[in-house]
Amino acid sequence: MVDNDDLKNIPADEDQNPEPEKKDEGYKTIHLSGMYQNWFLDYASYVILERAVPDVYDGLKPVHRRILHAMKDLDDGRYNKVANIIGHTMKYHPHGDASIGDALVQLGQKDLLIDTQGNWGNVLTGDSSAAPRYIEARLSKFALEVVFNPKTTQWKLSYDGRNKEPVALPVKFPLLLAQGVEGIAVGLASKILPHNFNELVDASIRYLQGKDFILLPDFTTGGYGDFSKYQDGARGGKVRIRARINKVDNKTLSINEIPFGTTTSSLIDSIIAANDKGKIKVRKIDDNTAEQVEVIIHLNQGVSPDQTIDALYAFTNCEISISPNCCIIEEGKPRFTNVKDVLRIATDKTLDLLTLELEIRMSELEEQWHFLSLEKIFIEKKIYRKIELCESWEEVIETIDNGLKPYVKKFKREITREDIVRLTEIKIKRISKYNSFKADKEIENIEGEMGEVTNHLENIIDFAINYYRQIKKKYGKGRERKTEIRNFDTIEATAVAAANQKLYVNRKEGFAGTSLRKDDFVCDCSDIDDIIVFRANGTYMVTKVAPKVYVGQDVIHIDIFKRNDDRTIYNAVYRDGKAGFYYVKRFSVKSITRDKDYDLTIGNKNSKVLYFSANPNGEAEVIKVIFKPKPRLKNKSFEYDFSELSIKGKNSKGNILTKKPVLKIQKQEEGISTLGAIDIWYDETVRRLNTDERGKYLGAFKGNDKILTIMKSGSYMLYPYELTVHFEEDMIYIEKFDPEKILSVVYQDGENGYQYLKRFAVEESGRKQEFLNGHKNSRMTAFSLDDLPKLEIEVEKKSGKNSREKSLVDVSGFIAVKSLKAKGKRLTMHKLTNVRWIEQPIMEADTKDQVFGDVAPENLDKKHDSSESKPEEKIDGENKTDGYKDDNNNEPNQMTFDF
């Protein structure tokens, strides 16, 4: 630090016009190192403790705590102008109205502690709030119940010493995790993501019960969240958030939920930027966001919507990554921890506060009981009459004290002078109208409440659990999880980037690129693609797309290179050296080092490729080999079928085709694919198709094969087996489409409430097909794709459980196969209580009338013992009726839902 005497020696204009040190004129050197060290540490500590990082005990930064305290001061149940709240908060917060106003708006937008009125902005669009003089706020009922209690609050003086403010508010809830927080201090930062209200309550209850719990973030903006690397919110964790994108039709996409921390404006800007760079192809964007997000993206003609969805995740803010950093203030010091520790601390603090509140209430009840008992004795024993003859105040006190001494043992604590003084303040009117019976009743009620409080203190854990349950019951409605938990697949940018460039090649000079518009056109490409180039001497290489790049002379083939592509097969015939044998080979190029030359020949000098073809699906053509003319040559040519040759690696030598000199080789017949069908799996965790054997095996696909999906809403849709396909959100069943299968559906008619059964063939269509009757209240009860399904139903003829009866339905006999739009046949006139599919037909000779085909619905309710049928299984909250698998270990192709 600098002494005052030192400061006197510094000229007033020194920092404006610094001059060299002049020892002869009385200048003195001041070293700033000590100042910087002390002052910087003071500043850093102040920013960390008083501005940027929240306190773990109440989950609030100082500015938020002071705002809530000021609002409590003003609270009368009515709304207050925000400008008035800001002015009142300035008594406690020394940083001006702008910072207070911004913090107050942030609190209001979180919709937990503050009830708002007026234009408070929109977190979805990024619109700012109206001026503070136009908007109003008050504390929410939740805040009044959970956040404040003057009896358990510790106080300190405000910054100017004129007022008192809380050290920490007595919050009985993990508020920090519910709201989340972000702050940047000096040398550290804090970023705690918001979590779901109800899940926090459940986690606190599990912690109090001694059980483990899991906490994952939940955002008001919804979307999808991949929390596989969350690491409980500790440093080093990572969260990936995606927008919810729906495919309206083949030309339109709709974004209905956005990632946390983004707005529709910033999202649209990122989409426009990606479109300008050519990463995606978008024709128009409409922002219809109001209360709910609705961003409509119109695609160009011929653009794949599935590929565009992946491209939006890869190149725009439709997917963002967030790195949490759980830093809190605990006991006046910053500490890095995780969200589970924060919840444990908050729950322990809640337990302590509840205990303290009960102890305070017990003390208050004891005081009430003590004085009521004193008053009863004072009046009933007419002790007040004994003070009529007293001549001094001390004599009055002594007289009352002596009058109470015979009853001292009845009291739970010592009778003090203050108690006696309080008795003297009882008015004559109260004494004259004193009701002994009413007093006894009041004392009895207090004793009953004291017993209740004592029981709560003895069972404080159960009391705290019940407290949390009541909080959830009162305030948890409407706070269900909004962010859907998913595991994301990794999107390869080169696979989804739009073809925004055109590739050209000059085969003779050996140049390729996107700027060579006067040369030969090759194909459309993106600026992040790789290209593979084969030359006449048998060498080949992979390089990145560029405006102009040298790839070598005598180019015989150039195309986009797809890494790990095992479907593209190259067929080649080459001569080994200048006069060597002729070899034939089939090979694939799956992986390769960029900008490195490889050789498809043996590698001898003057080798030459005589025939080359690239086949995207492993086609094997027939070629005709013509020899050079030679005396006494009997066979001047022969045909060779590439399908007779096995596919090998790129380094294979190949087989000898001929030893005779070859004049030329020409294609004789087009080939057909020699590759087998593609095995496809469906991974439920990421809801995508794959060829890596993850998830449910769908089958081997080739040609025009399709995938059938059934939605819970009562519709189906056929998809191609492309790995980029995105499925509907309410999809509940998926399998390889078999046009011979018949779909049997049980559904409840939304108009009359009866259950109907219908059967129809799945029609091939590129659109979603609705198969219910179109009423908005109709819902699917069960479906089956079995050839001869059997259905067990349970009906209730009269009120009461004993009137329930079971029957079997031979579905194929009950109703014939009809069209998709047919209404179907009513199952029963009675109330249907349960439906389940039977694994195998059950038909005994003596119970034939119980398995009905053309039987009238009213005869449906005959009893049947189905104890031998397979048990129901609950899967993901739904009833999957057949707890078995078929011979191929696949799940059954039938399902029912909860009633």
Side-chain angles (χ1 to χ4, degrees), residues 39-75 80 82-110 112-114 132 137 139-140 143 146-150 152-192 194 325-337 342 345-346 349 353:
W39 293 352
F40 180 78
L41 288 176
D42 291 343
Y43 168 71
S45 299
Y46 175 76
V47 173
I48 292 171
L49 298 177
E50 297 294 330
R51 298 193 69 173
V53 184
D55 192 298
V56 71
Y57 293 119
D58 61 3
L60 299 168
K61 294 182 182 180
V63 62
H64 297 138
R65 186 181 304 115
R66 290 160 181 162
I67 288 171
L68 294 173
H69 175 57
M71 292 184 70
K72 179 62 175 174
D73 284 346
L74 296 171
D75 182 58
N80 290 287
V82 166
N84 189 24
I85 297 173
I86 293 173
H88 198 72
T89 306
M90 290 181 70
K91 296 195 305 183
Y92 310 106
H93 194 65
H95 294 292
D97 59 336
S99 63
I100 297 173
D102 292 342
L104 179 55
V105 169
Q106 290 175 8
L107 274 179
Q109 289 177 341
K110 291 177 179 178
L112 183 61
L113 300 178
I114 298 177
L139 291 171
S140 66
V146 172
V147 176
F148 300 99
N149 189 341
T152 58
T153 304
Q154 293 183 344
W155 303 91
K156 66 178 180 179
L157 292 175
S158 62
Y159 70 96
D160 60 1
R162 290 189 176 96
N163 302 283
K164 286 186 177 181
E165 62 174 306
V167 176
L169 290 172
V171 179
K172 302 184 290 294
F173 186 78
L175 187 62
L176 176 57
L177 300 181
Q179 294 193 129
V181 73
E182 183 173 2
I184 300 175
V186 180
L188 58 83
S190 179
K191 191 176 186 70
I192 301 173
N325 185 18
C326 189
C327 180
I328 47 92
I329 301 297
E330 184 178 15
E331 298 180 354
K333 296 179 181 179
R335 182 167 81 90
F336 291 95
T337 181
V342 170
I345 294 171
K349 185 67 175 178
L353 288 170

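From Leu60, atom CG reaches atom CD1 of Ile329 across 13.0 Å, with rounding to the nearest 0.5 Å. The distance from the CD1 atom of Ile48 to the CG atom of Leu188 is 4.0 Å, given to the nearest 0.5 Å. Considering CG of Asn325 and CD of Glu182, their distance stands at 10.5 Å, rounded to 0.5 Å. From Leu113, atom CG reaches atom CG of Leu104 across 11.0 Å, with rounding to the nearest 0.5 Å. Glu165 contributes atom CD, which lies 11.0 Å from atom CG of Asp73 (distance to the nearest 0.5 angstrom). Rounding to the nearest 0.5 Å places NZ of Lys91 at 11.0 Å from CZ of Arg162.
In this structure a side-chain-to-backbone donor-acceptor pair under 3.5 Å is present from Ser190 to Cys327. No donor-acceptor pair under 3.5 Å is formed between the side chain of Asn80 and the backbone N or O of Met71. Checking side-chain atoms of His93 against main-chain N and O of Arg65 turns up no donor-acceptor pair under 3.5 Å. Checking side-chain atoms of Lys191 against main-chain N and O of Gly180 turns up no donor-acceptor pair under 3.5 Å.
Of the candidates Leu112, Asp58, Val146, Leu175 forms a side-chain contact (heavy atoms from CB on, under 4.5 Å) with just one, namely Leu112.
Among all heavy-atom pairs drawn from Val342 and Cys326, the shortest one is CG2-SG, 3.7 Å. When all heavy atoms of Val63 and Ser99 are compared, the pair lying nearest together is CG2-O, 4.4 Å. Gly96 and Met90 get closest at one heavy-atom pair: CA-CE, 4.2 Å. Nearest approach of Thr153 to Pro166, heavy atoms of both residues: CG2-CB, 3.6 Å. Smallest separation of non-hydrogen atoms from Ala178 and Phe173: CB-CE2, 3.7 Å. Pairing each heavy atom of Tyr57 with each of Glu330, the nearest pair is OH-CG, 3.9 Å.
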Output, in order, the C-alpha distance, side-chain angles, deciding distance and verdict of side-chain contact (heavy atoms from CB on, under 4.5 Å) for Val53 and Lys61.
-> CA-CA 6 Å; Val53 184; Lys61 294 182 182 180; over 6 Å; no

Does the side-chain contact (heavy atoms from CB on, under 4.5 Å) test come out yes or no for Val167 and Asp55, once each step is laid out?
-> CA-CA 10 Å; Val167 176; Asp55 192 298; over 6 Å; no

Apply side-chain contact (heavy atoms from CB on, under 4.5 Å) to Leu107 and Gln179, showing your working.
-> CA-CA 9 Å; Leu107 274 179; Gln179 294 193 129; 3.6 Å; yes

Could you give me the CA-CA distance, side-chain angles and deciding distance for Ile328 and Val181, then say whether side-chain contact (heavy atoms from CB on, under 4.5 Å) is met?
-> CA-CA 10 Å; Ile328 47 92; Val181 73; over 6 Å; no

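In this structure, the side chains of Pro170 and Phe148 stay at 4.5 Å or more apart for every pair of heavy atoms.
In the displayed structure, Lys156 atom NZ is contacted under 6.0 Å by more than 12 heavy atoms of other residues, nucleotides or ligands.
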